[in-house]
Structure formats: structure tokens, C-alpha cells
Amino acid sequence: MFDPTRTAALKQLEHFLPRAGQRYTRSRNFDRGAGAHHNVSGLSPWLRHRVLLETEVLAAVLERHTGAEVEKFIDEIFWRAYFRGWLAQHPGVWRAYKASVEAGYAAAEANRGLAAALADAEAGKTGNAAFDHWARELVETGYLHNHARMWFASIWVFTLRLPWALGADFFLRYLLDGDPASNTLSWRWVSGLHTRGKTYLARRDNILRFTDGRLDPGSGLAPVAEPLTETELPEKTALSWPAGASAGLETGAIGTGAGAATGHKLGRTTRQGWLVTDEDVRLEATMPADGVPLAGLAITAGRSPGEVSATVHAFSKGCVADACRRRDQPDATCFDEHTISALAAWAEQQGLQELGTMFVPYGPTADALNQLEPLLGQAGIGLRQHVRPYDRLVWPHAGRGFFPLRKRIPRLLEALELAEPVVA
């Protein structure tokens, strides 16, 4: 269903643009099933890996529609930024999630009943026709409609009473757009952990309505969704941008069209290389400079202690490989979580003084970069992470909830030069 290339991403964007307005607003909540999700953009796998940047997608839809016509779609783009910015300010949540997953696997190993229930849920053998359909669709396609994800998570937590973190882990192992921030925080929101006491309850009438009667969960759904609790509340920390992130970068045009060079130009040092991670593969025409040695880093097995889908492996690595091919380096080596030391050795063999990459503050890739940095340092090579202007602008507004950020969207679009100035 998804080709890990920028060519395919731009084709899908162009296909979606005529439908981004009122048609999207009216029909976006309907789950039409695998191969029929034409009422949504279908861009999430490419946005998640930044094959497409948020700014170029926003620019494209605003060139074709008024802000009012595409308000709902714009909200969805900023939801992604909200989750990323929020998790960047609450790094302990990612660490706690990883610990919960490890504990969940240990509990399942010690409890045959739990292990069997988890296996049935992941295989789509619970007896709940709707839930089982979504489990199989996820495994087979690497994608689920967003509404289906909410229903699925609610049934997993409140009807099947399975550990929420293992449900999030299941998604992260199979979703092509599986994002540490959006996935973790969405499951926490459904469970009542993100917004304290607020849960999402899957209801039969709602599922029947928004699947056009195609899926029926039956009468066995949980009648209430009592919020989960945790002993320690997430601690907020100030956003920590990498030191010297702006040095050596030349700010380019932001959002002046779907093909705009939405980012920076990497400045030259005596010898500089660039690391393309599967968190951010977008290499604009001016970044990095032509001829700079490229290497790839795809952290897919690091998503989970369990087995990650082969489709996820292939898509993530394909996004990285496509980025290198587009910069005339098709033979660039793609490293993974098992070859971090080999990546450091590659940088040393290239005679690099500095290795540049895009800023990743949390998740498996951040863990890998934290492992890489001291290895590079031993060879006298610096690791410099660069921040996209969009993230620097939007993430600080990811506070207690999405809606305060939502009120700022007109001003943020103005600052990104994507909309007419807001009249005070």
C-alpha cells in the first residue's frame, strides 16, 4: 500500500489535495477498510519519517483551499507536532513506557493466561468481530484508520483488560507510521493517563455508524471506561535544544510551496558527514552540501523487545535508502541498532570531524544517538543535531492540552509564512 519513496509521497499528496477541504471534514471519521481509506490523506507513513515535511504539506493544501476549508486537516497536522513537542518536554514518559513494556513481557512470560490472551488479541482471535478485523488489518497492511485505532485501544484496555503498554507496543511493531510520541500518548489518552481521568470508550453504535455497518463488535463491549492511574505524574522539563544547533546552518524559505526547500543549508567544515535517520529523511536541495558523505540509520528492532514487522523494517530502511539515492549516494550504508559501533568506525574511516543529523530528543533513535555520540567523541568527531524551524516554533506550545496550541495555529501559520497576517 505504501512505497517508501518521496516520489510516491508527492504523488499521494497531489492525489489528496482536491479532497483536503470539506470532503475530508465530512468523511474523515469513517473507517472504510483496507484499500478504501480514500476519505483520509493516507500521508501519515511519509509524514512520520519526514519524507514529507509538515510545512510543505501545509503549504500545498493552503495553495488549493482557504484556511477555513482545510481547518480540520490542518488540526491533524498540528496534533502530530503537539504530541512530539509534549513528549520532548516529558522525556520520563518514554522511559516509563519502555519500562512498562518490559514489565508486561515479563508478566506474560510468567502468566500463561495473560500470554494466551495477548496472543489471541494480536492474532485477531478474541471473538470480537470488529476488534479481530482491525488486528488482522494492522498485521497485514501496516496501517489502521485513526478512528479504528481509538476503538481498538479502548477495547484492548477496557473490554479485554490487557496492559495498555503492550497494546501500544503491538501498534509500534506493526504500524508503518508508528511514532514514539503519537503512539504512546494516544494510548495514554485513551486509557485516561494523558488527560487525567479522561478516557475513550468504544461504543457499538459509534462503530456501526462510522464503519457504515461493515463491522459489528457485538454487545460485549465494556459499558464504562474507568481511567487507569499511575503512581508518579509525568514531570515537565524545559525543552532542551542541542547546543550550537543553529551554527553552520543557513535558514531557508519556509513553506512557500509544496516543493519549497523547507529547512536549512548545512555549512561546510574541514570534513563533514551527514547521518540520515528514519526519524527525518528529508534532504532538501541545499542540505547537506553536495558531496558530503552520507550514512543511514534505521532503528526498527529498537522499537520493541518483541518481533517488529518485516514490513516496518523494509519501509523505514527504504525511506532512508531513497533519501541517499536522491542525493546520488545509492551505495550509502544503512546502519541499525546493532551496528552503532560500525557507524562510528565508518565516520572515522571517512576522516570526518563532524557528523550532522536532525534533532531527535526521544525514542529508539535518540537512544541510538546517545550511544553513538561518545563513540564518535573517542575518535575526535563531533555529533551535531540540527533543529527544524517548524519544531523550534511549535513545540514550546505543546502544553497541558492540544487546544491552547490549536488557538495559536493562525499565528503559527503566519510565522511560517503560510498564511496572510492575522489581523489583531
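As a basis for the values below, the full set of heavy atoms in this structure was taken, side chains included, without hydrogen atoms, waters or symmetry mates.
In this structure W134 satisfies the side-chain hydrogen bond (donor to acceptor under 3.5 Å, both in side chains) test together with D31, sequence neighbours excluded. Applying the side chain to side chain contact (heavy atoms under 4.5 Å, CB included) rule to L201 yields the partners R203, A225; only residues at least two apart in sequence or on another chain are considered. Annotation: side chain to side chain contact (heavy atoms under 4.5 Å, CB included) contacts of P305 (sequence neighbours excluded): V101, E102, Y105, D169. Checked against side-chain hydrogen bond (donor to acceptor under 3.5 Å, both in side chains), T159 has no partners two or more places apart in sequence or in another chain.
Around CZ of R214, the count of heavy atoms belonging to other residues, nucleotides or ligands within 6.0 Å exceeds 12.
Electrostatic pairing of R48 and E279 counts as a salt bridge here, judged by a charged N lying under 4.0 Å from a carboxylate O. R84 and D391 are not joined by a salt bridge, as no carboxylate oxygen comes within less than 4.0 angstrom of a charged side-chain nitrogen. Between R406 and E71, at least one side-chain N (NZ, or NE/NH1/NH2) sits under 4.0 Å from a carboxylate O, which counts as a salt bridge. Using a 4.0 Å cut-off between a side-chain N of Lys or Arg and a carboxylate O of Asp or Glu, R282 and E56 qualify as a salt bridge. We find that D132 and K125 are not joined by a salt bridge, their nearest charged nitrogen and carboxylate oxygen being 4.0 Å or further apart. Salt-bridge formation is not detected for the pair K11/D3: no Lys NZ or Arg NE/NH1/NH2 atom is positioned less than 4.0 Å from an Asp or Glu carboxylate oxygen. At a threshold of 4.0 Å, the pair R28-D75 does not count as salt-bridged, since none of the basic side-chain nitrogens sits closer than that to a carboxylate oxygen.
Between H147 and N29, the shortest heavy-atom distance links the atoms ND1-O, 2.9 Å. Contact detail for A88 and L239: the closest heavy-atom pair is CB-CD2, 3.7 Å. P4 and D322 make their closest contact through O-CB, 3.5 Å (heavy atoms, listed as atom of the first residue, atom of the second, distance).
Listed by first and then second residue, the side chain to side chain donor-acceptor pair (under 3.5 Å) pairs involving residues 88-101 are K98-D367 (not counting sequence neighbours). Here salt bridge (charged side-chain N to carboxylate O under 4.0 Å, His left out) pairs that include residues 104-124, with residues two or more places apart or in two chains, are E122-R173.
Atoms CG and CZ, on L376 and R384 in that order, are 13.5 Å from each other to the nearest 0.5 Å. Rounding to the nearest 0.5 Å places CG of L369 at 10.0 Å from CZ of F359. Note that CZ of R50 and SG of C319 are 13.5 Å apart. Values are rounded to the nearest 0.5 Å. The CG atom of L176 sits 7.5 Å away from the OG1 atom of T141 when rounded to the nearest 0.5 Å. Taking NZ of K72 as the start and CZ of R26 as the end, the distance is 14.0 Å to the nearest 0.5 Å. To the nearest 0.5 Å, the span separating CG on L160 from CD1 on I155 amounts to 7.5 Å.
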Note to self: I'd like to know whether D336 forms a side chain to side chain contact (heavy atoms under 4.5 Å, CB included) with T300, so could you lay out the CA-CA distance, the side-chain angles of the two residues, the decisive distance to 0.1 Å, and finally the verdict.
What the structure shows: CA-CA 8 Å; D336 59 26; T300 47; 5.9 Å; no

Next item on the list: With salt bridge (Lys or Arg N to Asp or Glu O under 4.0 Å) as the test, would you mind laying out the steps for K317 and D278 before giving the verdict?
Entry: CA-CA 7 Å; K317 292 179 180 178; D278 60 352; over 6 Å; no

Checklist line | Criterion salt bridge (Lys or Arg N to Asp or Glu O under 4.0 Å) on R209 and D205, from CA distance to verdict | finding: CA-CA 6 Å; R209 176 188 173 191; D205 62 334; over 6 Å; no

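Looking at L162 and F170, their side chains never come closer than 4.5 Å, going by heavy atoms from C-beta outward. Proximity of H38 to R32: side-chain heavy atoms (C-beta onward) are nowhere separated by under 4.5 Å. The shortest side-chain heavy-atom distance between Y362 and V93 does not fall under the 4.5 Å cut-off. Side chains of W164 and V190 form no contact here, defined as non-hydrogen atoms less than 4.5 Å apart. Between L297 and L372 there is no side-chain heavy-atom pair separated by less than 4.5 Å.
For H145 and F210, the gap between ring centers reaches or exceeds 6.0 Å. Checked against a 6.0 Å centroid threshold, the rings of W79 and Y82 count as neighbours. Ring to ring, F2 and W46 are close: their centroids are under 6.0 angstrom apart.
Partner of Q272 under the side-chain hydrogen bond (donor to acceptor under 3.5 Å, both in side chains) criterion, out of Q350, Q353, E354: E354 alone. Across R326, R388, R327, a single residue satisfies salt bridge (Lys or Arg N to Asp or Glu O under 4.0 Å) together with E284, and that is R388.
Between the side chains of Y390 and W395, not a single donor N or O lies within less than 3.5 Å of an accepting N or O.
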